[in-house]
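For clarity, every value in this text was computed on a predicted model and none was experimentally measured. The first residue of the sequence shown is numbered 1, and numbering continues consecutively from there.
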Amino acid sequence: MKITKSSTGGDSQAALHHLTKPIDSSPLYEPTSVLDPHITSSPSAAAAAAPASGGACPAPSLPWDSASIPLALTSSASDDWSDPLSFLLADMDDPCSFFPDLSHPTPPPPEAESSHLDLLLRAAHAVEIGDLNSSLSILARLNFILPCSTGSPLHRAAFHFKDALLSLLPIADRPIPEPPLSAIELVLRIAAHKAFSDLSPIPQFTSFTANQTLLESVDAAPSLHLIDFDLGLGGQWSSFAHDLAARSRAARLPPPPLRITAVVSEETAETALAADNLRDFARGIGLRLTVEFVRLSALAGVRLAPGEAVAVVLTPTIFRLIGVSVLRFVRRVAARVVLVVDGEGYCGSVGSFRRRFAGGLEYYAAAMEVVDAWAAAAGAGEEAVRRIERALFRPRIFAAVAAAAAAVGDWREVMASAGMVVAELSEFTESQAEWLLRRAPVEGFHVARREGALVLSWKGRELSATSAWRCR
């Protein structure tokens, strides 16, 4: 999306629709079983479980010429992160200046919130048509109106989407999604993932539906090879390994060897920790597991072995990064099943940038509402909510806005045009997903089938979708 200079200068869901009508263990380990949250990826937990089962950095410089930027946009005060060590010693309080003291929050009136949304969507439209002056002017106003993340979920989501828009523009001190990864930041990120698993059904829903579908698709295979384009902290594969070992022992068979190839942009401390945790956990349950890393730019280096059942796990993000070439790769490896897990707000991938932007804003406002409601019902502290927002939602919002700007089209249409067909998920997977949601402390969750996918929604708003695909 090219930006050029121009010579021209209450109920969150209802508000947004109105505006868019025109267009338990160590914190280093994650829970591994969505059905039993006490099982984690820690080696000690793995040893205890074995007998039981026997029964991002600042955006790069843009190619546009520097513009005269309003003073309101050149301040980085709202994007400075405090010293991470003191952050930990203070029990993770007040990690960054754009998260204010919420002991006496003052939410904006509904009419002010509607005005903020209107300005934000006007800024998105200005970015879309390449009107740099107007986008800078509007975002300068929003910098004063939305100086920090506070108030309703929609208001807080608007703050992060405002920053994500700013990150696309040729300005000094662009907002960043998160601080550079360090040992302390890695601990905080893991803590945020654990809190998100505790306060939202999205991680459990995506993990269970994906794992169950994989188990059914590769049943009785002598060896398994999972190629994952979104490894993260690897918690979902600890859960899969646990279930695989349990099923094998129930059938009085040794568990098949499991090989995981993680396709990554680069190897980091996070990916190394994920691999170490997976290996430790697998040893504890008597499963042969290997983890290999392949750069996204070197997919040809993925190693295949005769006789192994191959499964590929994608997210819609990959289509923005490498386009249809990922589907050529899927055909080359002869994947038995391809899983697409959409749990990060990429559902609205059709239409103008402004429309996709508004869809992402609605999605993250709903996701934040879920966390707020669950935390209130469970008696969780405000810090857990803020931890999820700053370490998970904010980076994902930046990625969603960048994906909307890339305009790669609907990934489902891309899959279909490449000869992929939807494989229906089993009734057992659907019934177990519904059982998971019945344990939620808040009401309003629903599981439904839509276009071959299992979709998790809350009060009519989609939160996550899992679908399985096969080559014709």
Side-chain angles (χ1 to χ4, degrees), residues 206-231 236-237 240 244 256 258-263 294 296-344 346-351 403 406-430 433 447-456 462 464-472:
T206 57
S207 177
F208 174 77
T209 52
N211 288 352
Q212 182 60 34
T213 302
L214 286 172
L215 288 169
E216 294 170 359
S217 300
V218 300
D219 190 33
S223 60
L224 308 180
H225 185 184
L226 305 180
I227 303 174
D228 188 3
F229 282 77
D230 187 28
L231 178 67
Q236 71 275 25
W237 299 129
F240 178 81
L244 181 65
L258 174 61
R259 186 155 62 95
I260 298 174
T261 296
V263 181
V294 171
L296 187 60
S297 58
L299 282 179
V302 172
R303 183 173 60 86
L304 301 175
E308 63 184 7
V310 178
V312 178
V313 181
L314 306 174
T315 68
T317 310
I318 196 64
F319 293 95
R320 175 177 66 87
L321 296 176
I322 61 175
V324 296
S325 62
V326 67
L327 300 181
R328 290 193 290 270
F329 168 79
V330 166
R331 288 190 174 277
R332 181 176 71 81
V333 301
R336 187 175 292 189
V337 65
V338 179
L339 282 179
V340 181
V341 180
D342 185 354
E344 297 186 4
Y346 292 94
C347 300
S349 57
V350 179
V408 295
D410 188 347
W411 62 266
R412 298 172 188 83
E413 294 179 1
V414 174
M415 296 278 285
S417 64
M420 306 292 294
V421 294
V422 176
E424 293 288 337
L425 275 64
S426 69
E427 292 185 2
F428 177 78
T429 302
E430 181 179 8
V447 175
R449 291 181 182 268
R450 188 168 304 137
E451 299 179 353
L454 274 184
V455 179
L456 167 66
E462 293 185 10
S464 181
T466 303
S467 58
W469 299 73
R470 290 191 173 93
C471 299
R472 280 199 182 100

>> side chain to side chain contact (heavy atoms under 4.5 Å, CB included) for Leu226 and Phe240? Distances and angles first, verdict last.
In response: CA-CA 11 Å; Leu226 305 180; Phe240 178 81; 3.7 Å; yes
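- Taking both residues in full, the closest heavy atoms of Ala262 and Leu231 are given as CB-CD2, 3.8 Å, listed atom of the first, atom of the second, then distance.
- Residues Glu424 and Gly452 approach most closely at OE2-CA, 3.7 Å, considering heavy atoms.
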>> Apply side chain to side chain contact (heavy atoms under 4.5 Å, CB included) to residues Val337 and Trp469 and explain how you reach the verdict.
In response: CA-CA 6 Å; Val337 65; Trp469 299 73; over 6 Å; no
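- Here the options are Leu454, Val447, Asn211, Leu215, the test is side-chain contact (heavy atoms from CB on, under 4.5 Å), and the partner is Thr429; only Leu454 passes.
- Looking at Pro256 and Leu244, their side chains come closer than 4.5 Å, going by heavy atoms from C-beta outward.
- Considering only heavy atoms from C-beta on, His225 comes within 4.5 Å of Leu304 through its side chain.
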>> The test is side chain to side chain contact (heavy atoms under 4.5 Å, CB included); show your working for Thr315 and Phe229 and say whether it passes.
In response: CA-CA 7 Å; Thr315 68; Phe229 282 77; over 6 Å; no
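- Distance check, rounded to the nearest 0.5 Å: CE of Met420 to CG of Leu327 gives 6.5 Å.
- Distance OG/Ser467 to CZ/Arg412: 7.0 Å, rounded to 0.5 Å.
- Arg331 places a side-chain N or O within 3.5 Å of a backbone atom of Ala418 that can act as its donor or acceptor partner.
- Side chain of Glu308 to backbone of Ala305: a donor-acceptor contact under 3.5 angstrom is found.
- How far CD1 of Ile322 is from CG of Leu299: 5.0 Å, rounded to the nearest 0.5 Å.
- Summarising the geometry of Thr466 relative to Thr206, their closest heavy-atom pair is OG1-CA, 4.3 Å, with the distance given to 0.1 Å.
- Checked options Val313, Val330, Ile227; the residue passing with Val338 is Val330 (criterion: side-chain contact (heavy atoms from CB on, under 4.5 Å)).
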>> Using the rule given for side chain to side chain contact (heavy atoms under 4.5 Å, CB included), can you reason through Leu224 versus Leu214, listing the C-alpha separation, both sets of side-chain angles and the distance that settles it, and then say yes or no?
In response: CA-CA 10 Å; Leu224 308 180; Leu214 286 172; over 6 Å; no
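- Between Arg470 and Ser217, some side-chain heavy-atom pair lies under the 4.5 Å cut-off.
- Phe319 and Trp411 have parallel rings, their planes meeting at less than 30° on a 0 to 90° scale where 60° marks the start of perpendicular.
- No side-chain donor from either of Gln236 and Ser207 sits under 3.5 Å from a side-chain acceptor of the other.
- Residues Ala221 and Arg336 approach most closely at CB-NH1, 4.2 Å, considering heavy atoms.
- The shortest distance between side-chain heavy atoms of Val340 and Pro316 falls below 4.5 Å.
- Between Val294 and Ala298, the closest heavy-atom pair is CG1-O, 3.2 Å.
- Shown here for Val312 and Ala335, the closest heavy-atom pair between the two residues is CG2-CB, 3.8 Å.
- Counting only distance, with no hydrogens or angles, the side chain of Arg449 and the backbone of Leu425 share a donor-acceptor pair below 3.5 Å.
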